Chemist: 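My questions will all concern the structure given below.
Values below: all heavy atoms of this structure, side chains included; hydrogens, waters and symmetry mates excluded. Along the sequence shown, residues are numbered consecutively beginning with 1. Predicted model only: the values in this text are computed from it and were never measured.
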Amino acid sequence: MEFVGNHGDMPPVKFPAFLQSARRQLAANLVGEMNNTNECDVTDLQKPTIDPAAEPNAADAPKIQEARLWCDDGWTARVLKNEDDDGWAVAMIKDGEPEPALVGPWTMGRDKKNPKPLDVNAFHTLVKTASEFVRRHEQQLHATLHQSITVTANATRITVSLDIVPDEENPYAVLSAHDDGGELLAEVRVLPSFKLGRASAVAWAEDEFGKPANR
């Protein structure tokens, strides 16, 4: 069974293929770091539509502490049957959001049939893992979508930036250049797969900021 979660206050985005590998690598890296807790694993993440005004006050939310449902600290942990095999999964849902931020496998109980009951320690570990995954994903996504490099071209120092817009239907990127004073020198629209590096930035500047060929 493939699990997909959501987080944030942006509209849903189907990320282009060139972003998928980076997102999955982040999840894989975090899995390795969290394996010592033996509580949960992570898979995928993207952002849903959220109305901030509709989000409930975490302090007013009821606390539920059951074997398969635990609500506290602005999060809900729900243990679910994995329909594809005999295992179990746990979904971590942040209060006010319609979809899980994280879903991963859950430990089998001692009888090898039912899931391990949730408890306060397991719940706190799950909250920490889900929060960390969300934080790292947002940091990596920002770094992937917004890149910049400062180079010297034509005896002038300039900062070249690449801002990717992951539009669902037509993703694109904006390549821009600013001088040391922050004044915009040029701006062109390019493919989101454009590779920004020192060589490409210098080449663009030396070409008088024309639209890069085949970009």
Side-chain angles (χ1 to χ4, degrees), residues 1-16 19-109 114-142 144-145 166 168:
M1 178 166 65
E2 182 179 1
F3 300 109
V4 178
N6 292 273
H7 176 76
D9 53 8
M10 294 174 61
V13 171
K14 289 185 179 179
F15 290 89
L19 288 179
Q20 293 286 3
S21 60
R23 297 170 64 226
R24 295 186 182 280
Q25 184 61 49
L26 170 65
N29 291 343
L30 190 58
V31 168
E33 295 177 15
M34 293 298 178
N35 272 343
N36 290 335
T37 67
N38 210 19
E39 295 293 351
C40 66
D41 207 281
V42 294
T43 51
D44 207 359
L45 184 75
Q46 66 184 35
K47 297 178 180 292
T49 301
I50 298 295
D51 179 4
E55 293 187 13
N57 188 330
D60 298 333
K63 293 185 178 181
I64 301 174
Q65 298 181 345
E66 300 176 358
R68 300 187 187 181
L69 180 65
W70 201 284
C71 302
D72 200 358
D73 295 334
W75 287 88
T76 295
R78 186 182 298 275
V79 176
L80 308 166
K81 186 71 176 68
N82 187 340
E83 298 178 357
D84 290 343
D85 56 40
D86 295 330
W88 294 83
V90 60
M92 291 299 295
I93 307 167
K94 192 171 180 62
D95 286 359
E97 300 191 5
E99 299 291 340
L102 175 150
V103 183
W106 183 242
T107 307
M108 191 77 75
N114 295 302
K116 175 183 175 181
L118 289 165
D119 58 31
V120 63
N121 292 330
F123 179 75
H124 287 163
T125 298
L126 288 165
V127 169
K128 180 180 178 181
T129 303
S131 299
E132 179 69 5
F133 182 47
V134 168
R135 184 185 67 84
R136 292 194 190 188
H137 174 268
E138 290 175 342
Q139 288 178 341
Q140 187 183 61
L141 181 60
H142 183 272
T144 301
L145 298 181
E168 182 176 340

Chemist: Please examine the side chains of Pro105 and Asn82, heavy atoms only from C-beta on, and report whether any two atoms are closer than 4.5 Å.
Modeler: no
Chemist: Holding to side chain to side chain contact (heavy atoms under 4.5 Å, CB included), I want the full list of residues that pass it with Gln65, two or more places apart in sequence or in another chain.
Modeler: Trp70, Asp72
Chemist: Heavy atoms, side chains only, cut-off 4.5 Å: are Trp88 and Arg68 in contact?
Modeler: yes
Chemist: To the nearest 0.5 Å, how far apart are CE in Met92 and CZ in Phe123?
Modeler: 5.0 Å
Chemist: CG/Leu145 to CD/Gln140 distance, rounded to the nearest 0.5 angstrom?
Modeler: 10.0 Å
Chemist: Please report the shortest heavy-atom distance between Ala77 and Leu126, naming the atom on each side.
Modeler: CB-CD1, 4.3 Å
Chemist: Taking the side chain as C-beta and beyond, is there a heavy-atom pair between Leu118 and Leu69 under 4.5 Å?
Modeler: no
Chemist: How far apart are the closest heavy atoms of Leu80 and Ala91, and which atoms are they?
Modeler: CD1-CB, 4.2 Å
Chemist: So which heavy atom on Ala89 is nearest to which on Val103, and how close?
Modeler: CB-CG1, 4.4 Å
Chemist: Could you grab the distance from atom CD1 of Ile64 to atom CZ of Arg78, nearest 0.5 Å is fine?
Modeler: 8.0 Å
Chemist: For the CH2 atom of Trp75 and the CG atom of Leu102, what is their distance to the nearest 0.5 Å?
Modeler: 7.5 Å
Chemist: Go through the structure and list residues passing side chain to side chain donor-acceptor pair (under 3.5 Å) with Glu66, not counting sequence neighbours.
Modeler: none
